[in-house]
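Chain identifiers are assigned alphabetically (A, B, ...) following the order of the sequence lines, protein sequences preceding nucleic acid strands; residue numbering begins at 1 within each chain. Below, each value reflects all heavy atoms present in this structure, side chains not excepted, and no hydrogens, waters or symmetry copies. What you see is a predicted model, and the numbers here were worked out from it, not measured in a lab.
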Amino acid sequence: MVTDELATIVRDAVASACADGTLPSDCMDAAIEIETPRNKQFGDFATNVALALARTVGMSSREVAERLVAHMPLEGTPVASAEIAGPGFINFRLRTDWLHDAMVAVEERADQYGHNTSMAGKRILLEFVSANPTGPISVVNGRAAALGDSLRRLFTACGAEVSTEFYVNDALNSTQIDLLGASLAARYMQEFGRAEAVPTDGYQGEYLIEMARDIAAEVGPVYCDLSPEERSQVFRKLAAERMIAQQREDLAAFGVEFDRWFFESSLYESGEVAAAIEQMKQAGWAYERDGALWLKSTELAGDGQDRVLVRSNERETYVAADAAYHKNKFDRGFTHLVNIWGADHHGYVARLKAGIAALGYDPDRCTIILTQMVLLMRGGELVRGSKRAGDIVPLADLVDEIGRDAARYYCLLTSYETTASFDLETAKRQSNDNPVYYAQYAHARCAAVLRRAEEAGVPLRRASEVDRSLLAHPKELELLRTLAAFPREVRQAAEAMAPHRLTAYVRVIGQALHQYYEECPALKEGVSPDLRDSRLALFETTRTVVANLLGLLGVSAPERM
RNA sequence: GCGCUCGUAGCUCAGUGGAUAGAGCUUCUGACUUCGGAUCAGAAGGUCGGGGGUUCGAAUCCCUCCGAGCGCGCCA
């Protein structure tokens, strides 16, 4: 990668200046950072190393920069010029043939262009959504789903081995599932005219009425004569199974599928929960009090208080199961765990980390991403959860209304750290105030030009074969510069676990493309065949990069719109 | 009360300790006898919530205050 080459050039300059005494030898271990200047007039890349060194060497940063540039031979490098500017930045301008070579790289790597090895050797387990099977998948879950699925693509593109998992809280000792079962049982009885009420702390959402109606239609009144206990047993199972199936469908319609649905109940059946508790006891991290078993989460992870692992009624808590689950993840050979939770769970980070530490694993190998909420607006009014859906906004409704691509794109448009809000009317509009269409239009426009060429009988020539040096117009070079940044953007987005950077970047590509399109016609009168072929090749290059980019976001790249 | 997160243009949001804080929307003015106008060019719009501090340099790091959201169960 060209930034690595630049870093080497700078590092060599520092070493050379140290060697001949121009700079003190303790500059050797200076950290070399290559950045892209905010302002294009400062060139393609820059380094601030002179500013960083100025303090230790006791001279002005411009002076340091001058001495470094004097020790920087540029023959045979991609660098055309190295200039000192401002307080002491060294700005690099690259030769245009380096940009032209990027076209060949895109052509050779094709849909692998942008892939790199920055995360090679890592085995990452991404766990996300993991909504309780007590209601439909919500829009907030959708944000996590879009983020998790995009991270899977990003990590994979960076050479990591990635698995995705949805953790299903279906444990038999879950009071939530008890309530769900009791709520569904009541709805079922209501279908047959029995005046049974949903528990006051149960699930009031009307989706359970629909589910009860389905069950009633399928099996008839066979469960009416069971004892309440037996009926509750039947319905907790039925409710959970059907909710999970529904969740799976909703996520699939959103384009998100998991490598594995991991059932909490399996951890009890295998004895892993009991084993984990025993191990925590043996290690001295668990103690008895008031008839319950407690985890020393305060001492282990600075939690606000210790947490119960086993209640006095002998039921284990989800804390115990979660600890066992994460042990299970590590034992399967994953080197890094990433969990995506809603921000309302931030109070649970410390206790999970405590559980991981109590079982002898490094809590720092488990990253917990907390996503803030997403608020939907319609004409300036907040869209509220419906009673039908149990006071949430179902993801399925959003997908139905604005489509999968728009829903996913909007979920990835902003940093997960901020509470995002977006307007449904804008998201549906097919105009340029809709960022989804702007991104997809870039791809469709490239495809349109290439299609047009084909119709006119102009064969598309390979980027490696056309005369790339003909691409010397500022807009052509600017577009190439933008496309050549793709591998770096991918790497940085993966490192920061921030796919929203890519949605910002795709706009930059779109802008560069449209400007190029405006000023550099390929198929109009008066364009020489050689230039035409070079420009068509550049359209193909752009199309490939945009398709790869949209692919990382999980959004389709249409040929026509 | 304690803890976590967040306050950036009228609106929605970017911004990795660096150069004159950037986009989109909105408003206004324009563009090619259309390789797709779902586009492009230009203008307008800022005490980066307030105040201290660290630093050669702070929207970014620290402290404090103000405001918003969330969390503080032998629920998940």
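- Taken residue by residue, residues 523-538 of chain A places heavy atoms nearer than 4.0 Å to RNA chain B at A:Leu523, A:Lys524.
- Residue contacts for A:Asp201: at a heavy-atom cut-off of 4.0 Å it reaches no nucleic acid atom on any strand shown.
- One side chain, A:Glu272 or A:Asn328, offers a donor N or O that lies under 3.5 Å from an acceptor on the other.
- Look at A:His514 and you won't find any side-chain N or O under 4.0 angstrom from OP1 or OP2 of B:G36.
- Salt-bridge annotation for A:Asp178 and A:Arg315: present, with a side-chain N of the basic residue lying under 4.0 Å from a carboxylate O of the acidic one.
- Inter-residue side-chain proximity for A:Thr542 and A:Leu479 is flagged as met; some heavy-atom pair is nearer than 4.5 Å.
- Taking the P atoms as reference points, B:U12 lies 39 Å from B:C74, given to the whole Å.
- As a whole-Å value, the separation of A:Tyr438 OH from B:A23 P is 12 Å.
- At least one side-chain nitrogen or oxygen of A:Gln515 sits closer than 4.0 Å to the OP1 or OP2 atom of B:A41.
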Encoded 5' to 3' (Watson-Crick or G-U under 3.5 Å; [ ] crossing; | other strand), RNA chain B becomes (((((((..((((....[...)))).(((((.......))))).....(((((..]....))))))))))))....
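- One interatomic measurement links the two molecules: CD of A:Gln492 to P of B:G15, which rounds to 12 Å at whole-angstrom precision.
- Under 4.0 angstrom from either OP1 or OP2 of B:C75 there lies at least one side-chain N or O belonging to A:Arg311.
- Within the structure, side chain to side chain donor-acceptor pair (under 3.5 Å) contacts touching residues 482-498 of chain A (residues at least two apart or in different chains) do not occur.
- Rounded to whole Å, the distance from CD on A:Glu83 to C1' on B:A19 is 14 Å.
- Listed candidates were B:C70, B:U16, B:A19. Nearest to the side chain of A:Phe89 is B:A19.
- Distance A:His473 NE2 to B:C40 C1': 13 Å, rounded to the nearest Å.
- The separation of B:A59 from B:C6, taken at their C1' atoms, amounts to 14 Å, rounded to a whole angstrom.
- Considering only side-chain N and O atoms, A:Thr418 lies under 4.0 angstrom from the phosphate OP1 or OP2 of B:A14.
- The side chain of A:Gln511 approaches B:A23 more closely than any other nucleotide in the set B:C70, B:A23, B:C74.
- At B:C4, none of the side-chain N or O atoms of A:Gln372 fall inside 4.0 Å of OP1 or OP2 (strictly under the cut-off).
- Contact check on A:Glu478 versus A:Arg481 returns a salt bridge, with a Lys/Arg side-chain nitrogen under 4.0 Å from an Asp/Glu carboxylate oxygen.
- Of the C1' atoms belonging to B:C25 and B:G71, the separation is 34 Å, rounded to the nearest Å.
- For the side chain to side chain contact (heavy atoms under 4.5 Å, CB included) test with A:Ile340, the passing option among A:Val129, A:Leu151, A:Asn141 is A:Leu151; the others fail.
- Comparing B:C40, B:G36, B:G3 against the side chain of A:Arg560 picks out B:G36 as the nearest.
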Legend entry - Check against salt bridge (charged side-chain N to carboxylate O under 4.0 Å, His left out), A:Asp306 and A:Lys296: CA-CA 5 Å; A:Asp306 286 352; A:Lys296 295 181 180 174; over 6 Å; no
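- For A:Ala522, the side-chain atoms get nearest to B:C35 when compared with the rest of B:C35, B:A19, B:U16.
- When the nucleotides B:C75, B:A14, B:C4 are ranked by their closest atom to the side chain of A:Gln176, B:C75 comes out on top.
- Side-chain proximity of A:Ser421 to B:C70, B:U12, B:U39: nearest is B:U12.
- Listed nucleotides: B:C13, B:G18, B:U39. Nearest to the side chain of A:Thr414: B:C13.
- Across the C1' atoms, B:G45 and B:A23 are found 14 Å apart, a figure rounded to whole Å.
- The distance between atom CG of A:Asp178 and atom C1' of B:C75, rounded to the nearest whole Å, is 11 Å.
- For the pair A:Met561 CE and B:G36 C1', the interatomic distance rounds to 11 Å; values are reported in whole Å.
- Look at CZ on A:Phe42: it is 5 Å from C1' on B:A19, rounded to the nearest Å.
- No side-chain donor-acceptor contact under 3.5 Å links A:Asp303 and A:Thr298.
- Going from atom CD1 of A:Ile509 over to atom C1' of B:G24 covers 17 Å, rounded to whole Å.
- One P atom belongs to B:A43, the other to B:U5, and the distance between them is 40 Å to the nearest Å.
- To the nearest whole angstrom, the two P atoms, one in B:U16 and one in B:U33, are 44 Å apart.
- One finds no side-chain N or O of A:Tyr517 lying less than 4.0 angstrom from the OP1 or OP2 phosphate oxygen of B:A38.
- Residues A:Gln246 and A:Tyr207 have side chains that never bring a donor and an acceptor to within less than 3.5 angstrom of each other.
- The separation of B:G30 from B:G67, taken at their C1' atoms, amounts to 42 Å, rounded to a whole angstrom.
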Run the side-chain hydrogen bond (donor to acceptor under 3.5 Å, both in side chains) test on A:Ser138 and A:Arg143 for me, step by step, so that the C-alpha distance in whole Å, both residues' side-chain angles and the decisive distance to 0.1 Å come before the verdict. CA-CA 9 Å; A:Ser138 70; A:Arg143 191 180 200 189; over 6 Å; no
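- Counting only heavy atoms from C-beta on, A:Arg452 has its side chain closest to B:G36 among B:G36, B:C70, B:C74.
- Ranking B:U16, B:A14, B:G3 by closeness to the A:His500 side chain, first place goes to B:A14.
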